[in-house]
Amino acid sequence: MGQNYATLRVPASTSNLGSGFDTLGLALSLYNYFTAEPSDRWSFEIEGEGKDLPKDDENLFARVYIRACEVFGGKPFPLKVKMINHIPTARGLGSSATAIVSALKFWELFQSKELSVEEKLRVAFEFEPHPDNLLPALLGGFLICAVDEGVYYQRLDFPEDIKIVVCIPDFELSTKKAREVLRKEISLKDAIYNLQRASLLIGSLCKRNYGLLKEAVKDRLHQPYRKELIPGFNDVLESAYSSGALAVFLSGAGPTVASFCLEEEDKVGKAMVSAFERHGVRARYLSLSVDKEGAVFTKPPA
Ligand code: HSE
C-alpha cells in the first residue's frame, strides 16, 4: 500500500438471537480489516478467511462502492483493497455485512461526505435486505432493528458478564439457501409465539433476568426449518444447555450455533464441538464478547 491508505475495522455479528428473526443483532469481538487506497483498477489482496472471493470489480465491496457512486455521486475511481479477514464466510457471522459497511465507509472517506445511517442502509439493502447484521457491523452493540420505507433502530446495553460462545462448523451455508427453506406464510399462533419470546428476551437482557433466556430464545419462524440443513443441530443445542449455557440459538442464517454463557465458556464450547463431531461435522469454537464500536478507522492489525 502507498501513502494514501486507511484501514477500517468492522465487527462480526450474530443476528436473530433465536426468537428475534430479522430484528435483533449483536456485534461481536471478531473483526475483518479493510485497507484501501485509490488506484487505476480494482484489485483485492485477501488474507485469512474468504481467499476465494473475487479479486476484481465483482467483489461485493467493489459492487457496493460503485453503486454508492451511482446513488450519491462522486468519482467512481477504482480502489486497491487489502482485506485481513478473521470472520469465516457464509457461517452466519455477518461477514458479507462487513464488506458492505466497509465499502460505504470508504465512499464517505474518499468523497469527503457523510451519509446518514438511513442513506447507508438504502444502498446496503440492495445487496443484503436484512438490517440485523448490517446495523451491528456499522454501529456496534446490541440492536433492535425495524424497516419498511424507513429504518428504525434502538441500541441497548448488553450485559457485560455474558460471553458469546460461537461454534463454527466446517461447512458453508449461504443465506439464500437458508432463506429458501423458510415458509412464506406463518400461523397467527407461531407469530404470537415469537413475538412473546422476542419481547421476553429483550426484557430479560435489560433486567439481567438470565433464568428466562432459555425460554426467550425459542423460535418457530426459522430454526425449525433451517435445522434440517445443519447435521446435529438439536444435539449441539442440548449439549450446550447441559454444559451450563444460558441460551443457545442459530447464529444468523447458520450454520454457526451461538450460546450465551457466564462462566462455562470452554465447557460449553467443547461440548458443542463434540456434538457436531458426533454427527460427522468438524467444528471449532470461539469465546467472544460484544463489540461496542462498530466500523472504525484504525491501524492495521499487527
Ligand atoms: N436475519 C437474517 C436471516 C440474517 O436469518 O436470514 C442473515 O442476513
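Just so you know, these numbers use all the heavy atoms, side chains as well, and skip hydrogens, waters and symmetry mates. Read the numbers this way: they start at 1 and go in the same order the structure lists the ligands and their atoms.
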When you look for heavy atoms under 4.0 Å from ligand 1, do you find them on the side chain of [X], its backbone, both, or neither?
X	answer
R226	side chain
D132	side chain
R179	side chain

Considering only NZ, NE, NH1 and NH2 on the basic side and carboxylate oxygens on the acidic side, decide whether [X] and [Y] come within less than 4.0 Å.
X	Y	answer
E263	K163	no
E70	R67	yes
D219	R226	no
E277	R282	no
K176	E180	yes
E293	R9	yes

message: Quick test: of every protein heavy atom, which one is nearest to atom 8 (O) of ligand 1, and how far off is it to 0.1 Å?
response: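 Of every protein heavy atom, H130 ND1, 3.1 Å lies nearest to atom 8 (O) of ligand 1.
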statement: The protein heavy atom nearest to atom 7 (C) of ligand 1 is N133 OD1, 3.6 Å
message: Under a 4.0 angstrom heavy-atom cut-off, which atoms of ligand 1 come close to D22?
response: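 Per the distance check, 1 (N), 2 (C), 3 (C).
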task: Considering the heavy atoms of S15, write down every atom of ligand 1 situated less than 4.0 Å from one of them.
output: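 So the atoms of ligand 1 that pass are 4 (C).
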Main-chain N/O of T256 paired with R91 side-chain donor or acceptor, under 3.5 Å: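 Not confirmed, R91 side chain does not pair with T256 backbone.
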task: Say whether H222 and ligand 1 are in contact under the criterion: heavy-atom distance to a ligand atom below 4.0 Å.
output: no
- prompt: Does any N/O atom on N16 come nearer than 3.5 Å to any N/O atom on ligand 1?
  reply: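 Yes: some nitrogen or oxygen of N16 is under 3.5 Å from one in ligand 1.
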